[in-house]
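Note sheet for the following structure.
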Number of protein chains: 2
Amino acid sequence: MALEHAILVSLAERSATGYDLARRFDASIGHFWKATHQQVYKVLARMQEQGWVDVEQVAQAGRPDRKVHRITAAGRDELRRWSAEPIGPEVLRSSFAVALRGLPNVDQDALLAHVRARRDEHAATLEAYEKDMARTFPDPDALDEAALGPYLVLRGGILTEAAGLQWCKETLARLEAR
Amino acid sequence: MALEHAILVSLAERSATGYDLARRFDASIGHFWKATHQQVYKVLARMQEQGWVDVEQVAQAGRPDRKVHRITAAGRDELRRWSAEPIGPEVLRSSFAVALRGLPNVDQDALLAHVRARRDEHAATLEAYEKDMARTFPDPDALDEAALGPYLVLRGGILTEAAGLQWCKETLARLEAR
DNA sequence: ACCTACTATGCAACGAGTTGCATGTGCAAG
DNA sequence: CTTGCACATGCAACTCGTTGCATAGTAGGT
């Protein structure tokens, strides 16, 4: 499993509550790793037992205490240990590709609508990433240590979205040409 | 879940045993959907109960009977019904991106080695896809009904691999420049 | 002669991930 | 004044997916 490690990376950037982490997994980190809040809370509890994080309880009025999780030295060790391990094969699951492959056996109109929707999503995401890139890394040739990782990941997001968009466009052209 | 549907698509192309399907999930279909043989057998049993496939038992000497699964009319209906449903968000889980994002906190040498290995894998897969493309679809402007789906999926594979390769190259250039 | 891989099925135990529910306040929009 | 969203935690039940094991003959390499 690697949700642990995604959380460790995130906590190494900045300490956070489970709630904060869950939101990060809906936003920036969510571009390459998804997790729900239930999962995050469960895993955080386990990580605490293992001593990878420790918790500072912050009382609040009218709502549950914030439990701010901070990465420990053991957590950093684990991150370094994990990063030296061979990376397992990336999980690939594209129901879009499944539907395309089954072209003669699926609902053609629905498929066409799916492709269009997907094209628009890729276009929107790509645009958002490019804006983010321009805002956060205005000068990509002058990045400090802390910025390089996030920059490279965002670059990956842009390349991935551009490829997805291109795929949709070609697919649409083919389907519409029939 | 959509493993059912990936199997239905595969069986619509050609009837098969669980063993055959498992191998397809290691090869062509595996480019966009992974599944182990244990999973395939389990799901096939369920699909049979639901009446989406039926099974012809073929006796063999010295090894278990082959159970050839064929898609039924109900299976085809299910495929059409499923394809009209909204597609859920694609699952994204890239431990590579996690490691990159955590750049300052990971083992730098190991990461560099991972990126190189990944670059080589993408290059090899891309080359294999392109050969497959040249062999299977020598004239992409003259595709019949049955070929279009597989063609488009392969195109998607090529675009995806090319993007991954590009990402690795840029990443390497950045990491090596430090 | 031995070891490995291929064919072909499947169970059992476990770990990962999803869905649904529960609780309770404060604040803003309609 | 009511509806809904943001904050903040978490349990329970379930399904999905992985890992390890079991069986058993045949073919091919060292």
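Numbered from 1 within each chain, the chains take letters A, B, ... in sequence-line order.
Look at A:Lys67 and you'll find a side-chain N or O under 4.0 angstrom from OP1 or OP2 of D:dG10. Listed pair B:Arg93 / C:dG17 meets the phosphate criterion, a side-chain N or O lying under 4.0 Å from OP1 or OP2. Taking only side-chain nitrogens and oxygens, B:Tyr19 comes nearer than 4.0 Å to OP1 or OP2 of C:dT7. Within the 4.0 Å cut-off from OP1 or OP2 of C:dA5, not a single side-chain nitrogen or oxygen of B:Arg23 is found. Side-chain nitrogen and oxygen atoms of A:Tyr41 include none within less than 4.0 Å of the OP1 or OP2 phosphate oxygen of D:dG10. Proximity of A:Thr36 to the phosphate of C:dG17: no side-chain N or O atom is located under 4.0 Å from OP1 or OP2. Remark: A:Gln39 is in phosphate contact with C:dT18, judged by side-chain N or O atoms under 4.0 Å from OP1 or OP2.
Note on A:Gln60: only backbone sugar-phosphate atoms sit closer than 4.0 angstrom, heavy atoms only; bases stay farther off.
Distance A:Arg66 CZ to C:dT25 C1': 15 Å, rounded to the nearest Å. Taking atom NE2 of residue A:His37 and atom P of nucleotide D:dC11, one finds them 11 Å apart after rounding to whole Å. When rounded to the nearest whole Å, the span between CG of A:Leu44 and P of D:dC11 equals 12 Å. Computed from coordinates, the B:Leu21 CG to C:dT7 C1' distance equals 15 Å when rounded to whole Å. Between the CD atom of A:Glu56 and the P atom of D:dT9 there is a distance of 13 Å, rounded to whole Å. When rounded to the nearest whole Å, the span between CZ of B:Arg46 and P of C:dG10 equals 15 Å. Here C:dA16 presents its C1' atom at 11 Å from CH2 of A:Trp33, a figure rounded to the nearest Å. In this structure, B:Asp26 atom CG and D:dT18 atom P are separated by 12 Å, rounded to whole Å.
Under the 4.0 Å criterion applied to side-chain N and carboxylate O atoms, A:Asp141 and B:Arg174 are assigned as salt-bridge partners. Here A:Glu90 pairs with B:Arg118 in a salt bridge; the nearest charged N to carboxylate O distance falls below 4.0 Å. Between A:Asp20 and A:Arg23 there is a salt bridge, since at least one side-chain N of the basic residue sits less than 4.0 Å from a carboxylate O of the acidic one.
Remark: side-chain polar atoms of A:Thr72 are paired, donor with acceptor, to backbone N or O of A:Gly75 under 3.5 angstrom.
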CA sep, side-chain torsions, deciding dist, call: B:Glu78, B:His5, side chain to side chain donor-acceptor pair (under 3.5 Å): CA-CA 8 Å; B:Glu78 169 56 22; B:His5 302 105; 2.8 Å; yes
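For the pair B:Gln38 and A:Lys42, both in contact range of DNA chain C, the more 5′-proximal nearest nucleotide belongs to B:Gln38.
With a 4.5 Å cut-off on side-chain heavy atoms, B:Leu112 and B:Gln108 do not count as touching.
The shortest non-hydrogen separation linking B:Arg80 to A:Asn105 is NE-O, 3.9 Å.
Rounded to 10°, the helix from C:dA1-D:dT30 to C:dG30-D:dC1 has 40° between the axis fitted to its first five pairs and the one fitted to its last five.
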